[in-house]
Amino acid sequence: MDERLLKPYDPKEIEDKIYKLWEESGFFNPDICIEKGIIKKDAPKFSIVLPPPNATGVLHLGHVLEDSMQDTMIRYHRMRGEKTLWLPGTDHAAIATDSKITKILEKEGLKKKDIGREKFLERVNTFVADSRKTIVSQLRKVGASLDWSREAFTFDEKRNLAVRTVFKKMYDDGLIYRGHRIVNWDPKGQTVISDDELVYEEKKSKFYTFKYGPFEIGTARPETKFGDKYVVMHPKDERYSKWKHGDKLTVEWINGPIEATIIKDEIIDMEFGTGVMTITPWHSHEDFVLAEKYKLDKEQIIDKYSKLLPIAGEFAGMKILDAREKIVEKLKTKGLLVSIDENYINRIATAERTGGIIEPQIMLQWFIDVNKKISSRGNKTLKELMLEPVRDNKINILPDHFEKVYFNWIENLRDWCISRQIWYGHRIPVWYKNKEVYCGIETPEGEGWIQDEDTLDTWFSSGLWTFSTLGWPFDYAHGKPKKGSDLETYHPTSVINPGYEILFFWVARMILMSQYLIGEIPFKVVYLHGILRDAKGQKFSKSLGNGIDPIEVINEYGADALRMSMIVGIGPGADSKFDIQKVKAYSKFTNKIWNAARFVLENTKDFDSTKETELDEEDKKSEKELQNLITEITKEMDEYKFYIVAEKLYHYFWHTFADIIIERSKKKILENKNTISARVLLLSQLTTLLKALHPFIPFITEEIWSMMPLQKDKKLLLVEKWPFDFAQGKPNDN
RNA sequence: GCGCGGUUAGCUCAGUUGGUAGAGCAAUCGCUUUACACGCGAAAGGUCGGGGGUUCGAGCCCCUCACCGCGCACCA
C-alpha cells in the first residue's frame, strides 16, 4: 500500500502540492484541455467571471463562500467535459481604495493634497499591487481552479481601453451628459457619490418649529433655512385657503425681512406638522424637484466643506453643526421659535465608504441618462434594457424572489451619477480647450487640451467585467465580438455568483452595459448568495473585531473542510452563520474519507478489478443505490442545489459506504465468501464517490485518486469524467 | 407607507409536485469490533410561531395575527 496512507490525514501536507500539480497541468485553462484532447473542441461551454475582490485588502470568509460555490460549479462542468472557463481578477474599487490610502497617509501625518495627484497614485499603485498578490495566493489556498493565464484587473490597460471606448459610445449616443443636478456630496470624502452608495442611519434629533410670517414651519436643519423664500402648502388645505398660489408677503426671518412666495402643490402631506413648509432647493432633493417644476430660484447656502456661505450673514464661515444651535438661539431671541421636539427620529444619509454625512448639493457632474431612447437598440431606454431580459427569463435570478426586488429598484431608478472627485480611478475621457469639448478614446491632437479632472464611479468599469475580460478590443465598428475571440466563445457567461447586496451596484450595471454595448445578456443565471455572519449572527466587521482569517482556518482544518462547511445547507440568497464547529465536523469527514480509502486500498492491492466483475445480489443492490444517487445529484447540480448534493454525498459516504458496505466487506473477506464481489464493489464505489465529491472537496479526493489502482491512462481527477453519462441519461459504468 | 424574506429537535439549518417530520453539532447510554476514538453501536429529543380555511390528508396551498430581519420610498 502507498506509504502516504500509513499516516493520518494531514491537509497541510498535501494541499499546496496538489494545487501545484493542477496548475502545472494547465487544465484550468480550457484551451489547454482542448489541446491535450481532454475536452472536445466543439464541447458546450461553461463560463464564470469571478466577482473581482477589492484590491484593497485580503480575502475574508465571505469570499471563500463565494469561491467555494463557484469552484464547485466550475469543477463539475469541467468534469462534464465542457469547455470550462473561470476567469480571475481584482477590482480597483476606486473610492474604497482611495479612502483607504488617504487614511494610511493621515496616519503618517501626510495629506493627500500636499503630496499631489501623481505621488498619491504611486502610493495607491504600490499598495494595490501588494494586495493583489495576497489575494491571488489566497485564492490558490482555497483551491480555486481559476485560469490564471487570463487574469484581469478592472484598472489595467485593456480594461481602461474598454472604459474609454464605452464612455465615448455612450457620449456619442447622448446617453452620457454633463449637467447641474442635485447630487449626494460627501464632505468627508470630498466627492459625489451615487444613490446606491448611501447608507441611512436613524438618529434621534431635535425638530424645531418656527414662526414664518403667518405660518409655522418645521425643520430638523435650521442651518439650511437662510434663503428659504417659498412657502409650500397643499392646494386643498382649507386652513390656508385664503392664500393663493403666487401670492407674495414679507416675513421676518433669521437675518431680517424676506419676501416670500406662496406655492401650492400636492406634494405636501397635510397631516405632517403644520402642513406648511419652506424649501431649500440647493440642499434637498425633493425641494430641487419642486423648484424645477415652478422654475424657482435656487441658492447655495453651504459649501463643499460644510461651512456656511455669506448668505448666512453673521454665521458665514461656521461649520453647520456648530451654527445650528446659535441660529436657533437667534430665532428664539427674535420670538420666532415655537417649539422643539426632542424625540424626532431623523434618517441621515451617510457615505458608505467614508461615513461622511451627505450634503445634497447642486453640482456640475456627469450622468448616464436611463430614460433616453436608444435608436441602435430598438428605441429602448437603458431602464428597459435592464428590465427586459429578467422579465423575459433570459436571465434567471436565484432565488426567484430577488427578481421582484430587482424590478422594484429599476422602477425607482434615476439617472446614474458617474463622476467622482477622487484621484484613483478611470479618468473621464473628455478634454476641454476654451469652450471646446472633446470626448475621445485617445487624447486629442494639438496644444492646450485639458482633461476633465474627475474619475469614474468604480461600478462603471465593473459593469463591463463580463466582456471587458474576454478579449477586448471588441470589433467596435461592427458592434460584434471578433471572430474566434474569448468574447465570442464564452459570452454570455453561464453564471454570475455575487452576494445579493450588490445586485443593484453590480448585477444591474452589468446587464445595462452588456445589453447596451454588445446587445447581449452578460450571464444566464444570477446565483445570489447571502451574507456570512459570525457565530452570533453579527456581521463581520473591523469595529467588532470579529474577523476570522480564512488562511488560519485552512491551516488548521484544511481547505476541503472549510469549503464543505460553506456549501452544505446554505441555499441561494440565504444568510448564514460561520461556526468553526461546522468546519471541525467536515474535517472529521475528510479524515473519514482518508481512512475508508486506506481500508479499500489495503484490501484491493494486487487485485485486478477488470478480470472479474460479477457482483452478488446485495452488492448489486448497493451499486444500484449509488447509481440512483448519482442520477439524483446530477439533476440537483444542474438545478444549483449544491447545498443538498454536498449533504447527500456526505451522508451516503459515511452511512452507506463506510457503515454498511465496508463493514459488510469485512465480513466477506474474513469468511472468504464472495470476496471478489466485495472488492469490486469497494473499488467501484470509491471511484465513483471520489469523482462525485471532487467538486466539493478537491484536494483530498485528488490525493486519494493518485493512489487508486486503476487503468494506466489515469488522468488527474480534476479532468476525469463526472460519473453520469449525459448522452444516455444514466450513470456511467466504472 | 410599499414590497420581500424568516419563524421546524437545546443550537445551526434542510425539507423537491400536499401523503405518518430530517441532517450536522450538542446532550444520554454502551463499546480498545484488526480503515478511522476525528471512531462504532443504541436510545432520546419537535402539538413544524398563533388562529382560521381548503382537502380523505397541510411544515408545504389560501386568509389572518404576532414577532425577527431586509430592501425601497417618505421624512418640511
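- One P atom belongs to B:rU8, the other to B:rG41, and the distance between them is 30 Å to the nearest Å.
- Separating the C1' atom of B:rU47 from that of B:rA43 is a span of 23 Å, rounded to the nearest Å.
- The base-pairing partner of B:rC11, taking Watson-Crick or G-U wobble contacts with both distances under 3.5 Å, is B:rG24.
- With a cut-off of 3.5 Å on both pairing distances, the Watson-Crick or G-U wobble partner of B:rC4 is B:rG69.
- Remark: B:rG46 base-pairs with no nucleotide; criterion is Watson-Crick or G-U wobble with both hydrogen-bond distances under 3.5 Å.
- A donor-acceptor contact under 3.5 Å is not formed by the side chain of A:Lys404 with the base of B:rC4.
- Remark: B:rG39 base-pairs with B:rC31; criterion is Watson-Crick or G-U wobble with both hydrogen-bond distances under 3.5 Å.
- Side-chain atoms of A:Phe272 lie closest to B:rC75 of the nucleotides B:rC75, B:rA35, B:rC25.
- Applying the 4.0 Å criterion to OP1 and OP2 of B:rC40, one finds that A:Trp654 has a side-chain N or O inside that range.
- Using a 4.0 Å heavy-atom cutoff across all strands shown, A:Ile662 reaches at least one base atom of the nucleic acid.
- Spacing between B:rC40 and B:rG69 at atom P, rounded to whole Å, works out to 40 Å.
- Look at the C1' atom in both B:rU55 and B:rU28: the space between them is 41 Å, to the nearest Å.
- A:Phe402 comes within 4.0 angstrom of no nucleic acid atom, judged by non-hydrogen atoms across all strands.
- Rounded to whole Å, atom P of B:rC72 lies 8 Å from atom OH of A:Tyr200.
- Side-chain proximity of A:Ile644 to the nucleotides B:rA35, B:rG71, B:rA14 is greatest for B:rA14.
- One N or O on the side chain of A:Arg239 and one on the backbone of A:Met270 form a donor-acceptor pair closer than 3.5 Å.
- Between B:rU12 and A:Lys584, no contact under 4.0 Å exists linking OP1 or OP2 to a side-chain N or O.
- Using a 4.0 Å heavy-atom distance criterion, A:Ala535 is classed as making no nucleic acid contact.
- For A:His401, counting side-chain heavy atoms from C-beta on, the closest listed nucleotide (B:rG39, B:rC4, B:rA23) is B:rC4.
- For A:Asp195 and A:Ala585, each mapped to the nucleotide of RNA chain B holding its nearest heavy atom, the one lying further toward the 5' end belongs to A:Ala585.
- No N or O donor and acceptor, one from the side chain of A:Glu286 and one from the base of B:rA73, sit under 3.5 Å apart.
- Residues A:Trp416 and A:Ser194 approach most closely at CD1-CB, 4.4 Å, considering heavy atoms.
- Here, B:rG51 and B:rG59 have their P atoms 13 Å apart, quoted to the whole Å.
- Note on A:Gly273: nothing from the nucleic acid sits closer than 4.0 angstrom, heavy atoms only.
- Atom NZ of A:Lys666 and atom C1' of B:rU34 are 8 Å apart (whole Å).
- Taking the C1' atoms as reference points, B:rC72 lies 27 Å from B:rG49, given to the whole Å.
- What separates CG of A:Asn408 from P of B:rG5 is a distance of 13 Å, to the nearest Å.
- Distances from the side chain of A:Lys592 to the nucleotides B:rC25, B:rA14, B:rA35 place B:rA35 closest.
- For B:rC75, there is no paired base (Watson-Crick or G-U wobble, both distances below 3.5 Å).
- Counting non-hydrogen atoms under 4.0 angstrom, A:Tyr500 reaches nothing in the nucleic acid.
- B:rG18 and B:rC11: their P atoms are spaced 30 Å apart (whole Å).
- Using a 4.0 Å cut-off, some side-chain N or O of A:Lys577 falls inside it from OP1 or OP2 of B:rU12.
- Looking at heavy-atom distances under 4.0 Å, A:Asp659 makes contact with sugar-phosphate atoms alone, never a base.
- Taking atom NZ of residue A:Lys588 and atom C1' of nucleotide B:rC38, one finds them 6 Å apart after rounding to whole Å.
- For A:Phe504, counting side-chain heavy atoms from C-beta on, the closest listed nucleotide (B:rC25, B:rA35, B:rG71) is B:rG71.
- Among the heavy atoms of the strands lying under 4.0 Å from A:Ile268 is at least one base atom, whether or not backbone atoms are also near.
- Considering A:Tyr500, A:Trp409, A:Phe504, A:Phe407 in turn, A:Tyr500 is the only one that fulfils the ring pair (Phe, Tyr, Trp, His ring centres under 6.0 Å) rule with A:Phe402.
- Between the side chain of A:Lys244 and the backbone N or O of A:Ser241, at least one donor-acceptor pair lies under 3.5 Å.
- A:Leu61 CG to A:Leu532 CG: the interatomic distance, rounded to the nearest 0.5 Å, is 6.0 Å.
- Protein atom CZ of A:Phe653 is 15 Å distant from nucleotide atom P of B:rA35, rounded to whole Å.
- Contact annotation: A:His655 side-chain N/O to B:rG22 OP1/OP2 distance is not under 4.0 Å.
- Annotation for A:Lys334: atom NZ counts as buried by contact number, over 12 foreign heavy atoms lying within 6.0 Å.
- Atoms OH (A:Tyr650) and P (B:rC13) sit 18 Å apart, rounded to a whole Å.
- A:Asn497 places a side-chain N or O within donor-acceptor distance of the main-chain N or O of A:Tyr527, the cut-off being under 3.5 Å.
- Counting any heavy atom pair closer than 4.0 Å across all strands shown, A:Asn412 reaches sugar-phosphate atoms only and no base atom.
- Within the 4.0 angstrom heavy-atom criterion, only backbone atoms of the sugar-phosphate kind lie near A:Thr219; the bases stay farther away.
- Within the 4.0 angstrom heavy-atom criterion, no nucleotide atom of any strand lies near A:Glu636.
- B:rC38 sits 29 Å from B:rG45 when the P atoms are compared, rounded to a whole Å.
- Distance CG (A:Asp575) to C1' (B:rG71): 13 Å, rounded to an integer number of Å.
- The interatomic distance linking A:His651 (NE2) with B:rG24 (C1') rounds to 9 Å, in whole Å.
- Residue A:Lys582 is classed as having no contact, given no heavy-atom separation below 4.0 Å to the nucleic acid.
- Nearest heavy atoms, A:Leu562 versus A:Pro550: CD2-O, 4.1 Å.
- Side chain of A:Asn408 to backbone of A:Lys404: no donor-acceptor contact under 3.5 angstrom is found.
- For B:rG15, one of the phosphate oxygens OP1 or OP2 lies less than 4.0 angstrom from a side-chain nitrogen or oxygen of A:Tyr643.
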